[in-house]
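Below is one structure, written out as structure tokens; comments come after it.
Side chains included, hydrogens not; waters and symmetry mates left out as well; all remaining heavy atoms used.
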Amino acid sequence: MTGSNEPHNKPCTGCKIGPIVFACTLNPSHIFLKLFLSAESRKNAFPAPSHQSASRRSASRLRFLTVRATAGDTVILPCYLPPEISTEIREFRWFKGTDCVLQRRFSEENEGAEQIWMMLFKGELNLTLKDVKVTDSGQYRCEILAEKKEEIAVIHLHVAEFKLVSSSEDVGKPSNIQPFGHTSKKLHYPGFGDSYDVFYGDDVTLPCFLSPETSAVTMEIRWFKGADCVYLYQNGQVTEGRGYEGRVSVVTDDLQRGNVSLNLRDAQRSDSGEYRCEITDGEKKVENNGVRLRVFKLFSHPGSFKIPQTRPVNVHVGETVTLQCYLTPRTSAVTMEIRWFKGADCVYLYQNGQVTEGRGYEGRVSVITDDLQRGNVSLNLRDAQRSDSGEYRCEITRGTNKMESDGVHLRVTEFILVYRSEDVGKRDRRQSSPHVVFTFAGYDITLPCYLSPETSAVTMEIRWFKGADCVYLYQNGQVTEGRGYEGRVSVITDDLQRGNMSLNLRDAQESDDGEYRCVITDGEQKVDTELFCKILFTFHNLQIYTLSVHFTYLISVSYKSIHTP
């Protein structure tokens, strides 16, 4: 890290540790923390338990689990190492029955020792099986050797020839069956557990497909609502459950392709509940994870629309933007009439499966018709023009019922604000997620912000806000600093020519923790952005945040000596 982001070596208190390098990779789902400790540090970090406490805990360490998979899947059989024996373990083995299928010894001299020590640090001794076969079914055991030999996991793996999936696109695709995470101790199984919301009187299809594609003509198909069988297909004959007579069916012509989806007609309020499909083929039986069905009276529930944006949507001329809007709870909009308005003008109409575009919007507006089933009525606008700026709203009509959303304000400007210099000049960007910056109390930090395309900001008005408070104002070449930020906030005026309006914050304090936002005004044009600055105070209370962001920062901290008080 360079400039004001460069950490300065400052004293800290705590235990003695070796050099630390941790990389925070902020991506749409998680943060990876890599921490490599010296041998002495590992010993200090995980003190050995007493023999008495170890014997008490060993009885509760053994975990039993059943894992179900399908031929071709990749399966991770989890084995979690109790932290109190992380430094005692010298070896671990995986067995299938009495056969050893994996063995690892721990020592500094081993090839790949760093990776092995990382396994110990994370406490995961998982076994990965790729492209599993039916013959891989059986009992697997994880065994460790520390002060004594000890089993800590027994897993029964069942590999079937086929499984049930919720989408035809997933047919034939192998699954990755793996733990959710180190702390959850739960497994992720293939299936769906989807939820469908429909209106009273509508028809609905509860999807279910055999994977790989397998004919179900000679199989036995049962659909259950709770414990009640609502549909049975057996030896080519159909039996319908009580109250479902004439309303449930599968498409028999599709059984050859493994489509065992249940069609339910004229949905009633009493049809709400949990449904699951069960397939029997000789001695083989599989079932899906179930699907929840909810039946509503049209627009009878509050909050029928959900619009994620809380601030105006900013987009650059020529870019593509999505004005997001959803029916909630999730409800199919396929049979509804959808109108998008800008002010009083209708710019998009979906009616009876046909689309009409408003004047000036021909070829530039659309909704994703495949997403209408899930209640996504968001409007996609391509090649945005300055004249497209304004207030947009969505109106939904079904029969004599009508409702409309709150407005979404769109600003189309000659420039937008981005967080990374490498994004300057890029078009058709997705809307950026909130950006997160980490630092320590007493350090300097930079909150990044750039004009895109590269545009001089020398004559513009620049405001940085923390919440509702303006902490920095640049106007007509003059600077005003907010209360409590005197002498601690600045932008590099020489960089304004290149559109760099990043805020430098010196000597970060606990009170600086919060949400920061940059607002740029150029005549009648105004754009803003937001980012979060999270202040961390010492290594000991370091927190790892799971965020939906798109940026990576590498923080390197090296302490030669840290003393214990």
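With L255 as the fixed residue, the side-chain contact (heavy atoms from CB on, under 4.5 Å) test singles out one of T218, L210, V217: V217.
Side-chain atoms of V377 and V367, non-hydrogen and from C-beta on, never get closer than 4.5 Å to each other. Between Y233 and T239, the closest side-chain pair of non-hydrogen atoms is not below 4.5 Å. Residues V251 and N263 have side chains in contact (heavy-atom distance under 4.5 Å, counting atoms from C-beta outward). Side-chain contact between E169 and V171: absent, with no pair of heavy atoms (C-beta onward) separated by less than 4.5 Å. Side-chain atoms of V75 and L157, non-hydrogen and from C-beta on, do get closer than 4.5 Å to each other. Side-chain contact check for E143 versus K149: some heavy-atom pair is nearer than 4.5 Å. Within the 4.5 Å cutoff, no side-chain heavy atoms of E274 are placed close to those of R276.
When all heavy atoms of D131 and T74 are compared, the closest pair comes out as N-OG1, 4.2 Å. Of all non-hydrogen atoms in C229 and L232, the two that sit nearest each other are SG-CB, 4.2 Å. The two residues V159 and A71 make their nearest non-hydrogen contact at CG1-N, 3.6 Å. Looking at every heavy atom in both residues, C79 comes nearest to N126 through N-OD1, 3.0 Å.
Taken to the nearest 0.5 Å, the CG atom of L262 stands 8.0 Å off from the OG1 atom of T205. The structure places CG of L127 at 5.0 Å from CG of L77, a figure rounded to the nearest 0.5 Å. Distance OG/S272 to CG/L293: 5.5 Å, rounded to 0.5 Å. Atoms CZ and CG, on F162 and D281 in that order, are 5.0 Å from each other to the nearest 0.5 Å. For the atom pair CG of D73 and NZ of K130, the computed distance is 14.0 Å after rounding to the nearest 0.5 Å. For the atom pair SG (C277) and CZ (F224), the distance works out to 9.5 Å, reported to the nearest 0.5 Å.
Every residue was checked against the salt bridge (charged side-chain N to carboxylate O under 4.0 Å, His left out) condition with R265, not counting sequence neighbours, and none meets it. Applying the side-chain hydrogen bond (donor to acceptor under 3.5 Å, both in side chains) criterion to T214, with sequence neighbours excluded, gives no partner residue. Among residues two or more places apart in sequence or in another chain, the salt bridge (charged side-chain N to carboxylate O under 4.0 Å, His left out) test is passed with E161 by K284. Scanning for salt bridge (charged side-chain N to carboxylate O under 4.0 Å, His left out) contacts around D203 gives an empty result, with sequence neighbours left out. With sequence neighbours left out, the salt bridge (charged side-chain N to carboxylate O under 4.0 Å, His left out) criterion links D136 to no other residue.
A cation-pi contact, defined as under 6.0 Å to the ring centre and within 45° of the axis, links R141 to F95.
A salt bridge is defined here as a Lys NZ or Arg NE, NH1 or NH2 lying under 4.0 Å from an Asp or Glu carboxylate O, and D371 with R374 meets this definition.
Screening residues 226-253 for salt bridge (Lys or Arg N to Asp or Glu O under 4.0 Å), with sequence neighbours left out, gives R247-D271.
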Q: Please test V291 against Y196 for side chain to side chain contact (heavy atoms under 4.5 Å, CB included), starting from the C-alpha separation and ending with a verdict.
A: CA-CA 8 Å; V291 56; Y196 286 84; 3.4 Å; yes

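Judged by distance alone, with hydrogens and angles left aside, the side-chain atoms of T322 form no donor-acceptor pair with the main-chain N or O of Q324 at under 3.5 Å. Using a distance-only test at 3.5 Å, with no hydrogens or angles considered, a donor-acceptor pair links the side chain of W94 to the main chain of L125. Of the possible donor and acceptor atoms, none in the side chain of R292 sits under 3.5 Å from a partner among the backbone N and O of G273. Formation of a donor-acceptor pair under 3.5 Å by the S261 side chain with backbone atoms of C208 is found in this model.
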